[in-house]
Amino acid sequence: MDKKEVAQILEEIGTLLELHNENPFKVRAYHNASRIIGGLTESLDHLVETGELRSIKGIGEGLAEKITELVKTGHLKYYEDLKKSLPPGLVEMLAIPGLGPKRIKILYDKLGISTIGELEYACHENRLLDLEGFGLKTQENILKGIEQVRRHSEKHLYPAALEAAERVHGSLAKVKGVIRSSIAGSLRRKKEIIGDIDILVSAEPKFVDKIMSSFTSHEDVDRIIAKGETKSSVLLKSGINADLRVISDKEFPYALHYFTGSKDHNIAMRTLAKKADIKMNEYGLFKGPSEKFIACRDEEEIFATFGMSYIPPELREDMGEIEAAKAGKLPVLLEESDLRGTFHCHTKYSDGVNTIEELVKAAKELGWEYLGIADHSKSAAYANGLDEGRVKTQWKEIDQLNGKLKGFRIFKGTEADILPDGTLDFSDKILSGFDYVVVSVHSKFKMTEQEMTKRIIKALKNKYTTMIGHLTGRLLLSREGYPVDVEAVINAAADYGKMIEINAHPLRLDLDWRWCKYAKEKGVLIPINPDAHNAEGLRDTFYGVGVARKGWLEKKDVVNTYNTSEVEKLFERTRA
DNA sequence: GCCGTTTTCGGCCCGACTGTTTTCAGTCG
């Protein structure tokens, strides 16, 4: 059993224990372990074999035993018994906002409700009213919550959430009395999937009411969920929840850090603060028993209080950033302005809508100095893939354009299909005529992980392969990626001197940021590619920058930051 | 269930809001 499955089971155990009203710290231990295992870059098998598992912070005797059983046998009796003890519908009911494990358990124990459907029916029959701790309002809110679960997935792609957040934040920033304001939460950390929007504002107390009201009455608001003195919560018409917190300007840096999260990062920071006898919350840092306020003007000064360098929001996932900041070993993260071009773009030749010239114009407007064209290859019939004849026509056009363009270079590339047997669908003769070759899987997704990994590694090994495109083929919120051993592919890329793209399309963001740090450590170079099918799509590259930053990547790790002649050399090197 | 310069037991991050209470539990982040 691999780490993804183990992490999933640990997560589920935590949830089941919650429904059993277990000790919340025990619950947390499981959720925490799930995150640790899911984020491991070394082989889980190896950790189990050597017993090193036990030495990981957060994995004690009990968890190590259970994980070992899972890895070795593929089963865990403890988990299976736990699963049998409760109907599966209870876990689904946790998705209803405002309904947590305690009350779900009461509903189950007292009324025998075990599915969302039964719960809805019971609400309509007013059967919740007689239960202690439940009332009419609760019943109404549960009904609204059920409707919300059905209407919206509760998860949103980064661009949609960002657009919604910027509309609300843009209006709020202009409201009288607002001193400082920021989008916080997972959006500020540039997560690929966003649960809800967090906005933070600082203001004098006399303006707070007006600011809250201007938020809850914003034209994008569908329904007000909560409205208080410091916090309000609404459901936007787009189906995204948005929270606003208003604090004094003195508190702004602490609140910004707190509401940016992640939750795990915050817990780790608070624990660290506590060791220094400092209480840390959204209102400040307080030293010693007298709780003396430690003044910080911004987040930099908060980190500096603990002898740490500034941790960029993207890194705040409790995945080593705190230790690195203490040691002064944080990476200098890639910036958007470091990019000089991109690769993997489609034109009218295959399934894009623009001509090469139109894409070049758009690239120049972004301040870039080169652009790689990588249309589909001949077996991608669904995408109007190019055969050898049309490839040569395209080369001629690119040569002509390169002759005309001053200070700009078009690279000749292709997105060659990786056939089921791992070979590419062009001969070496044709492949050698490209400046670079992106290889991608577009067919026969239903292979075993072993077969798929073998297929991809074989394609990587091809002399003319430069980089692999969208490694897992996932489409966020709509399609799981095909099964592939990412670690093995990264190792192979390192061995053969090949690159792995970050596909920057917001539905893909594949390579996942959780793997970037490992790829970097292995010395694998990463290009950021928009997979653009029109000129506007080139801008998606900037979502890829977010992924790279979350993945600890620096300028030198990313191919797009090199100049034209350096890129040429890097491409040649992949054929060595 | 984990952890330890307060070390094998007794803690475990901390606060806001809601709805149901008449002093608090549940939920959320």
Side-chain angles (χ1 to χ4, degrees), chain A residues 10 13-14 17-34 36 53-67 78 82 93-107 128-142 144-145 154 184-189 194-200 212 216 224-234 241-247 251 254-255 257-286 291 318:
Chain A
L10 293 174
I13 293 175
L17 290 174
E18 248 183 310
L19 287 168
H20 273 294
N21 288 344
E22 257 288 3
N23 175 354
F25 297 105
K26 182 170 167 179
V27 170
R28 188 204 287 169
Y30 277 94
H31 288 309
N32 190 40
S34 165
I36 292 168
L53 194 58
R54 184 68 180 76
S55 63
I56 299 173
K57 196 162 174 277
I59 309 289
E61 201 178 337
L63 275 161
E65 254 175 42
K66 292 188 174 77
I67 293 167
Y78 177 71
L82 204 55
M93 281 161 67
L94 276 172
I96 299 167
L99 201 54
K102 295 260 167 50
R103 294 205 290 202
I104 288 175
K105 192 72 191 326
I106 293 172
L107 289 168
L128 270 56
L129 303 182
D130 299 332
L131 292 176
E132 199 176 325
F134 287 77
L136 194 59
K137 204 73 202 252
T138 307
Q139 188 172 273
E140 281 172 9
N141 282 338
I142 288 175
K144 280 183 193 156
E154 287 201 285
S186 52
L187 258 178
R188 185 162 179 247
R189 301 199 316 278
I194 304 297
D196 62 9
I197 294 167
D198 292 291
I199 298 173
L200 185 67
M212 281 298 180
T216 54
I224 301 169
I225 296 163
K227 191 177 176 191
E229 285 171 19
T230 68
K231 176 194 164 177
S232 291
S233 192
V234 299
N241 266 306
D243 291 348
L244 172 69
R245 328 266 172 159
V246 185
I247 35 67
E251 294 158 343
Y254 314 97
H257 176 262
Y258 179 87
F259 290 116
T260 296
S262 63
K263 191 176 168 166
D264 297 309
H265 168 89
N266 285 352
I267 290 173
M269 283 294 294
R270 279 172 194 238
T271 307
L272 183 128
K274 213 173 167 183
K275 279 185 188 151
D277 197 21
I278 293 172
K279 186 172 89 169
M280 184 173 194
N281 60 28
E282 59 263 57
Y283 302 111
L285 296 176
F286 306 93
E291 306 217 330
D318 192 25

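Naming convention: chains lettered A, B, ... in sequence-line order (proteins, then strands); numbering from 1 in each chain.
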Applying side chain to side chain contact (heavy atoms under 4.5 Å, CB included), name anything that partners A:Thr230, two or more places apart in sequence or on another chain.
none
At a cut-off of 3.5 Å, list every protein nitrogen or oxygen paired with a nitrogen or oxygen from nucleotides 11-14 of chain B, distance to 0.1 Å.
| from | atom 1 | to | atom 2 | distance (Å) |
| --- | --- | --- | --- | --- |
| B:dC12 | OP1 | A:Lys274 | NZ | 3.0 |
| B:dC13 | OP1 | A:Arg28 | NH1 | 3.1 |
| B:dC13 | OP1 | A:Arg28 | NH2 | 2.7 |
| B:dC13 | OP2 | A:Arg28 | NH1 | 3.0 |
| B:dC13 | O2 | A:Arg270 | NE | 3.1 |
| B:dC13 | O2 | A:Arg270 | NH1 | 3.1 |
| B:dC14 | O4' | A:Arg270 | NH1 | 2.5 |

Tell me, which pairs form a salt bridge (charged side-chain N to carboxylate O under 4.0 Å, His left out) where one or both residues lie in residues 261-275 of chain A, sequence neighbours left out?
A:Arg35-A:Asp264
To the side chain of A:Thr230, which of B:dG29, B:dC17, B:dG1 is closest?
B:dC17
NA contact type, A:Lys105, heavy-atom cut-off 4.0 Å: base, sugar-phosphate, or nothing?
nothing
The criterion is side chain to side chain contact (heavy atoms under 4.5 Å, CB included); which residues satisfy it with A:Glu140, sequence neighbours excluded?
A:Leu136, A:Lys137
Output one letter per nucleotide in nucleotides 19-26 of chain B: B when a protein non-hydrogen atom lies under 4.0 Å from the base, S when only the sugar-phosphate is that close, - when neither is.
SS-----S
Under 4.0 Å, heavy atoms only, any strand: does A:Pro24 hit a base, just the sugar-phosphate, or nothing?
nothing
Residues at least two apart in sequence or cross-chain that pass side chain to side chain contact (heavy atoms under 4.5 Å, CB included) with A:Arg245, listed by chain then number, are A:Asp198, A:Leu200, A:Lys231, A:Asp243, A:Phe259
With sequence neighbours excluded, what pairs up with A:Arg189 under the salt bridge (charged side-chain N to carboxylate O under 4.0 Å, His left out) test?
A:Glu317
Sequence neighbours excluded, which residues qualify as salt bridge (charged side-chain N to carboxylate O under 4.0 Å, His left out) partners of A:Glu291?
A:Lys279
Which one is paired to B:dT8, where only Watson-Crick or G-U wobble pairs with both distances under 3.5 angstrom count?
none
Once salt bridge (charged side-chain N to carboxylate O under 4.0 Å, His left out) is applied, do any residues pair with A:Lys66, and if so which ones, sequence neighbours excluded?
none
Under 4.0 Å: is that the gap between some side-chain N or O of A:Lys231 and OP1 or OP2 of B:dA16?
no
